[in-house]
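A short worksheet on the structure shown next.
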Amino acid sequence: MKKLLDLLTTEMGKAFEKAGYSAELGKVTVSNRPDLCEYQCNGAMAGAKQYHKAPIMIANEIAAALEGGEVFSEVSAVAPGFLNLKLSEGFLAAYLKEMKTADKFGFEAEGKETVVIDYGGANVAKPLHVGHIRSAVIGEAVKRIYKFAGNEVIGDVHLGDWGLQMGLVIMGLKERKPDLVYFDDSYTGEYPEEAPFTISELEEIYPASSAKSKADPEYKALAMEATKKLQDGVRGYRAIWDHIMKVSVTDLKKNYGSLNVSFELWNGESSVHDLIPSMVDYMKKGGWAHESEGALVVDVKEETDTKEIPPCMILKSDGASLYNTTDLATIMYRMEDIKPDRIVYVVDKRQELYFEQVFRCARKTELVKPETKLNFLGFGTMNGADGKPFKTRDGGVMRLENLIADTKEEMFTKIKEGRPVTDEEAREIADIVAISALKYGDLSNQASKDYVFDIDRFTSFEGDTGPYLLYTIVRIKSILNKYTENGGDYTKAELGNAGNPFEKALGMRLAQFGEMMSQAVNELAPHKICGYVYDVANLFNKFYHETQILGEADEARRQNLIALLVLTRDILETSIDILGFSAPEKM
Ligand code: ARG
C-alpha cells in the first residue's frame with residue numbers, strides 16, 4: 001500500500017499542476033500546529049519565488065483547485081501562504097479498511113537482503129551481567145525489524161570463547177582439581193562425558209582465577225600458555241573446553257531465552273580458528289599485511305582521517321591471534337558461507353574505533369565485496385541512579401539473571417496491589433509484564449545514548465513504559481471479549497467514518513504505521529517503534545475515555561468502533577512483537 005503521506009502528497013501535487021504550478025510543490029506533512037489542522041503543505045511559500053507571485057495567491061488557487069475533492073474535507077489558505085488541511089473521514093476510513101485486510105497493514109516490505117546480525121556477544125564461562133542486556137535486547141529488535149521488512153536475517157551470538165578467559169578457567173580448574181585426567185599428558189583414553197564442574201562452580205572458577213592472574217604474573221603466564229595449548233589443540237584442554245562450552249551455552253540459552261532472545265547461529269571466536277592460517281596467508285600474499293615490531297599488522301589509516309587510526313593487528317609477536325583476528329576470520333567465513341549483503345554489529349559504542357579498524361581492514365583486504373554493507377550499531381551504557389554503570393546494592397556487578405528476577409518480583413508486587421488474583425496467576429502475569437518493562441525501558445531510548453535503569457519507573461503502569469502498553473492492549477482485549485460474550489463477532493466488524501475527533505486522531509496515527517516502519521528500518525531504530533506505540537496507546541486511551549463503545553446504541557456505529565479496536569490491538573501487538581515482547585491475556 002502507498003503510504004498515507006505519499007497519497008496526500010500526490011493529491012496535492014495534482015492540485016498544483018492543475019493550477020499551473022510544478023507538482024513537486026505539493027509535499028504534505030503532518031501538521032506542526034495540530035490545534036489548527038491535521039496536515040499542512042508549504043508549497044505555496046516555496047513556489048512564490050519561482051513563480052514571482054505572492055504565496056497567499058498561490059495558496060488560494062490551490063485551495064480552489066481542491067474544492068470538491070475526496071481526500072481533504074477542508075483546505076484553507078492562510079497568510080502568508082500556508083495550506084491547512086483536514087483529512088476527509090471517508091478517505092481515512094477507506095485507507096484503514098485496506099490496511100486492516102492487507103498483509104503487514106500495507107507496509108511494503110521491500111527488503112531483499114541477506115543480513116547477519118552479530119549481537120549478544122556473551123563470553124562463555126562468565127555469567128551474563130547487566131552489560132549484556134543491551135546487545136541482546138537491541139540486537140533481537142533489529143533482527144525482527146529487518147525480518148519484518150522482508151529480509152533474510154541470521155542472528156549470530158558470536159561468543160567470546162577462545163581468548164585468555166579459557167586459559168584462566170583451565171588453570172583455575174587445575175588448581176582445584178589437579179588430579180583430573182585432563183591434565184595427565186600420558187592419558188590416551190576417552191574423556192568422561194560429564195563435565196568436571198557445574199555452572200555455579202564454573203562461575204566461581206573464572207573470577208578467582210582472573211583475580212589470581214592479576215596478582216601473580218607467573219600464574220598469568222601459565223594461563224596464557226594454557227590458552228595457547230588449547231588453541232593448538234592439546235587433547236585434554238580441548239576436552240575441558242568442550243565441557244565449558246556445553247555447560248555455559250546451556251546456561252546462556254536459558255538466560256537469553258528468558259528475555260525472549262534467540263539466535264540462529266551459536267558460533268563464536270573459536271569457530272573460525274582453523275581459518276586463521278589461510279587468512280593470514282592471504283593477507284600476506286596480497287601485500288596488505290606486514291611485520292611491525294614482530295607483530296603482523298595491516299595499516300588502515302586514511303588521508304582524510306582527523307584522528308589517529310592505529311593499524312589493525314592480525315597476529316601478536318608470539319603468533320597468537322587476537323580479538324581482531326577472529327572477527328576478521330569471521331567476516332571471511334560469513335562471506336563464504338552466508339554471502340550476506342549486510343552485517344550489523346550490535347556492540348557497546350566504546351568498541352567503535354575497534355570496529356572502524358576491522359571494517360577498514362576487511363575492505364582493504366577485500367574480505368568483503370565493495371557493495372557489502374558493514375554497520376556498527378553502538379549502544380550506550382545502562383546506568384544506575386548515580387549516572388554510573390548499573391551496580392548491585394553493594395557495588396558489585398549485577399548479574400542479568402538477578403536483574404530479571406528483581407524486575408519480576410517488583411512487577412509481582414504491583415500486579416497483586418488492588419487485584420483479586422491468586423499468587424500463581426500474578427506470577428504468571430508478572431513474568432510476562434516484567435520482560436516488557438525491561439525491554440521497553442531499554443529500547444525506548446535511542447540506542448547510542450546512555451540511560452538510567454529505574455525499576456520503579458520501568459514497572460509503572462503509567463507513562464512511557466512497557467507495562468502501560470500491555471495494559472492498553474489488555475484493556476482492548478477485554479472489551480473485545482465482552483463484545484463476544486454479548487454475542488458479537490468482532491472478526492466481522494467493519495470500519496466506518498470516525499464519529500468524533502478522538503477516534504479520528506487514533507485512526508490517523510494508525511494510518512502512519514507504514515511510514516513509521518520505513519523509518520525504523522532505514523535508521524535501524526527500534527526507538528521509533530516505541531515512540532509510535534506509545535502515541536497509539538495514548539490516543540487509544542483518550543478515545544476510550546471519550547467514547548461509548550459497548551454502550552453505543554447504534555448497532556452499525558458500535559461495529560465501526562469495535563473494528564477500530566481490532567485494528568488498534570493488531571497494530572500494537574505486531575509492533576511489540578517486533579520489539580521482542582508480548583502481552584498477557586489479562587492483567
Ligand atoms: N565478546 C565481546 C565483548 O564482550 C563482544 C562481541 C562483539 N561482537 C564481535 N563480533 N566482536 O566485548
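One-based numbering, in listed order, for ligands and for the atoms of each. If you read the sequence from its start, that first residue is 1, and numbering goes on from there. Worth saying up front: this structure is predicted, and the values here are computed from it rather than measured.
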So which protein residues pack against ligand 1 under 4.0 Å, heavy atoms counted? D118, G121, N123, H158, Y323, D327, Y345, V347, Q351, F355

For residues 243-253, which residue pairs pass the salt bridge (Lys or Arg N to Asp or Glu O under 4.0 Å) check, not counting sequence neighbours? D251-K254

ring-ring contact (aromatic ring centres under 6.0 Å, His included) involving Y282 - partner list, sequence neighbours excluded: W288

Quick one: ring-ring contact (aromatic ring centres under 6.0 Å, His included) partners of F376, sequence neighbours excluded? F355

Could you check whether K439 makes a cation-pi contact with F581, meaning its NZ or CZ is under 6.0 Å from the centre of the six-membered ring and within 45° of the ring axis? no

Is the shortest distance from a Lys or Arg side-chain nitrogen in D318 or K228 to a carboxylate oxygen in the other one below 4.0 Å? no

Would you call R360 and D305 a salt bridge, taking side-chain N to carboxylate O under 4.0 Å as the test? yes

